[in-house]
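All remarks here apply to the structure that follows.
All values derive from a computational prediction rather than experimental measurement. Counting starts at 1 for both ligands and their atoms, following the listed order.
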Amino acid sequence: MKHQILRRLGLAAITAIATAGTFAHAQDYPNKAVTIVVPFAAGGPTDTVARLVAQSMTTNLKQQIIVENVGGAGGTLGAGRVARAGGDGYTLLLHHIGMSTAPALYRKLAFDPINDFEPVGLVADVPMTMIAKQALPPKDMKELLPYLKANKEKVLYAHAGVGSASHLCGLLFMSTIQTDLTTVPYGGTGPAMTAMLGGEVDLMCDQTTNTTGQIKGGKVKAYAVTTKAHVPSLKELPTMAESGLPGFEVAVWHGLYAPKGTPKPVLDKLTAALQTALKDPNVVARLAELGTEPVPQNRATPDALRTHLKAEIDKWSPVIKKAGVYAD
Ligand code: MLT
């Protein structure tokens, strides 16, 4: 009996010390720079969103937020890196719809998007645009579809790896128009855009956060936006539905994650800093210039991201399995 009481006291003490440790850690968090891993190359759309949010969170958390690009395998390399990073709150992940397609596409995936991460909150839903190199002859979607059918052997479609947003949009587009094109993967649509500007690749579906500048600069041709509504910053562009592809809708949702085991008080600080960043007038203005907007505050929460991620995994897995497209 005495032994049991001592054992319980011991356990209680250990728990108290651990909790006190966690509390002290959380109180002191962050006491050094925090890294946000972007699982795609620098200069691309996910990088653009991450750097904008990181800059504002640096002010809110009074600690530098560094963005590190770990591209490759459609975003799964960078996500895997964060899953193994340990729950101290100093290594985070900003990823997009690719988090929900990876489980079905990569049968040997090195992480579990739901059980290896703590959601911090949703960030933004970014429309996509179908674009082409300036030299590609078709001037609008009406000319593009027959052109692709007639030249499918030679048209090169660029994307950011299996499971990336540009890959998924391409898959959806090719199955919708029933024309398979040769695809060329890159470490992100940042380098894919460079290749397109160099005339190496012909066509790409990419996020407005990466294409708006090139479209407005006349550096690429733009055919349509992939959202139901027009994009205010690209209002001259028709929607896919208006261009003869009814029901074609893709928007790229983005979320911020921490590794599993990150203490709740630390997660609370991160969610609060994210919410503040998404209300930051500079962030709001810049995202508007790039064709998007922050999610509403009630979606910049762990619950909203957790629910959305699960729903997206349930949505995409049967589609991918039916298509039989696997990355490994
Ligand atoms: C990127 O940041 O390069 C993109 O998000 C890649 C993609 O998913 O298309």
- Message: Checking side-chain polar atoms at under 3.5 Å, does D206 have a donor or acceptor matched by the opposite partner on T189?
- Response: yes

- Side-chain hydrophobic cluster, 4.5 Å single linkage: members besides M193: I131, L156, V184, Y186, M196, L197, V201, M204, I215, V220, V225, V231, L234, L237

- Item | Centroid-centroid distance, Y29 to Y90, less than 6.0 Å | yes

- Query: Less than 4.5 Å apart, any side-chain heavy atom of M99 and any of L309?
  - Reply: yes

- Query: How about E236 and H230: does a side-chain donor come under 3.5 Å of a side-chain acceptor?
  - Reply: no

N/O contact list for ligand 1, threshold under 3.5 Å:
residue  : atom  : partner : partner atom : Å
ligand 1 : 2 (O) : T46     : N            : 3.0
ligand 1 : 2 (O) : T46     : OG1          : 2.8
ligand 1 : 3 (O) : T189    : N            : 2.8
ligand 1 : 3 (O) : T189    : OG1          : 3.4
ligand 1 : 5 (O) : T46     : OG1          : 2.6
ligand 1 : 5 (O) : H96     : NE2          : 3.2
ligand 1 : 5 (O) : Q207    : NE2          : 3.0
ligand 1 : 8 (O) : H96     : NE2          : 2.7
ligand 1 : 8 (O) : A165    : N            : 2.7
ligand 1 : 9 (O) : S166    : N            : 2.9
ligand 1 : 9 (O) : S166    : OG           : 2.6

- Message: Are W253 and H308, when compared by the centres of their aromatic rings, separated by less than 6.0 Å?
- Response: yes

